[in-house]
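Working notes, beginning with the structure itself.
The analysis underlying the following values was restricted to heavy atoms, covering all of them including side chains, and did not include hydrogens, waters or symmetry mates. One-based numbering, in listed order, for ligands and for the atoms of each.
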Amino acid sequence: MDDTKDMLYFITGNNFKFNEIQQLFEQETIKYNLIQKDLKTIEIQADTIKSVAEFKLNSVKDKLIGSSFIEDSGFFVDNPLNGFPGVYSSYVMKTIGNKGILNLIDNYEDSKAHFSTVIALYFKPLNKLLFFEGTVEGKISSLQKGNQGFGFDPIFIPDEIPQKTFAELTTSQKNSISHRGKAWMKLMDFLKEN
Ligand code: ITT
């Protein structure tokens, strides 16, 4: 760790997410050390992942000792499930999982899906809460494929790489097109300017 740099805390209990962000972070030259903190956050059931993210960060606001961010992600099957599971993604992953989602779909060729991420940053120097969003569009694979990544990755085929699921990509390939990668780039642009 570089003692001359400020700390930037990523509050998450999900090590897969942290590893993706850490790999992106290592490509940058910025005045921060990135540190994972697994604080118990509260995830409310709201209509948008932005409201979930805002509540999640505010639920630990009293415990923050420096600039800190959380992120909330959702997986949306736009066709044929009208956006389900969306804000219910964690619960659906724990209950019916990828197999359950695949069972709800007949026509994989015509399916449409996306991932969205909202990063909520508490930026200490300005005492401000800021949001950075990222989305990736794609469709649903008829079979679970690949063993990289996590969560819904084995059933999501991004439009940019139409032959492969997210779980068949390396972390750096996924990061270069993913919801999380895009939200992260916006956060980086902000931190470099401030
Ligand atoms: P936190 O501690 O950061 O809250 P979490 O695992 O609860 O971690 P989310 O609520 O943001 O994260 O994620 C909702 C669900 O979506 C969860 O089941 C994840 O596994 C899944 N998910 C999130 N990002 C994903 C990604 O990049 N690829 C596949 N699935 C993802």
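- Other residues, nucleotides and ligands contribute over 12 non-hydrogen atoms within 6.0 Å of the CD atom of Q45.
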I'd like the atom pairs linking ligand 1 to the protein - N or O on both sides, separation under 3.5 Å - with distances to 0.1 Å.
unit_1: ligand 1; atom_1: 2 (O); unit_2: T12; atom_2: OG1; d: 3.3
unit_1: ligand 1; atom_1: 2 (O); unit_2: G13; atom_2: N; d: 2.9
unit_1: ligand 1; atom_1: 3 (O); unit_2: T12; atom_2: OG1; d: 2.7
unit_1: ligand 1; atom_1: 3 (O); unit_2: K17; atom_2: NZ; d: 2.8
unit_1: ligand 1; atom_1: 4 (O); unit_2: E43; atom_2: OE2; d: 3.1
unit_1: ligand 1; atom_1: 4 (O); unit_2: K56; atom_2: NZ; d: 2.6
unit_1: ligand 1; atom_1: 6 (O); unit_2: N14; atom_2: ND2; d: 3.0
unit_1: ligand 1; atom_1: 7 (O); unit_2: E43; atom_2: OE2; d: 3.4
unit_1: ligand 1; atom_1: 8 (O); unit_2: K17; atom_2: NZ; d: 3.4
unit_1: ligand 1; atom_1: 10 (O); unit_2: E43; atom_2: OE1; d: 3.4
unit_1: ligand 1; atom_1: 10 (O); unit_2: E43; atom_2: OE2; d: 3.4
unit_1: ligand 1; atom_1: 10 (O); unit_2: S90; atom_2: OG; d: 3.3
unit_1: ligand 1; atom_1: 11 (O); unit_2: K17; atom_2: NZ; d: 2.8
unit_1: ligand 1; atom_1: 11 (O); unit_2: S73; atom_2: N; d: 2.9
unit_1: ligand 1; atom_1: 12 (O); unit_2: K17; atom_2: NZ; d: 3.0
unit_1: ligand 1; atom_1: 24 (N); unit_2: R180; atom_2: NH2; d: 2.9
unit_1: ligand 1; atom_1: 27 (O); unit_2: K174; atom_2: NZ; d: 2.8
unit_1: ligand 1; atom_1: 27 (O); unit_2: H179; atom_2: NE2; d: 2.9
unit_1: ligand 1; atom_1: 27 (O); unit_2: R180; atom_2: NH1; d: 2.9
unit_1: ligand 1; atom_1: 28 (N); unit_2: D153; atom_2: OD1; d: 2.6
unit_1: ligand 1; atom_1: 28 (N); unit_2: K174; atom_2: NZ; d: 3.4
unit_1: ligand 1; atom_1: 30 (N); unit_2: F152; atom_2: N; d: 3.1

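- For D2, the CG atom counts as densely surrounded, since its 6.0 Å shell holds more than 12 non-hydrogen atoms of other residues, nucleotides or ligands.
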Evaluate the side chain to side chain contact (heavy atoms under 4.5 Å, CB included) criterion for residues D153 and K174: first the C-alpha distance (whole Å), next the side-chain angles of each, then the deciding distance (0.1 Å), finally the verdict.
-> CA-CA 10 Å; D153 285 345; K174 179 181 168 188; 2.9 Å; yes
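- Here F190 pairs with F123, F132 under the ring-ring contact (aromatic ring centres under 6.0 Å, His included) rule; sequence neighbours left out.
- Annotation: N103, atom CG; neighbour count of heavy atoms from other residues, nucleotides and ligands within 6.0 Å is above 12.
- Q144 has its side chain within reach of L102: a pair of non-hydrogen atoms, C-beta onward, lies under 4.5 Å apart.
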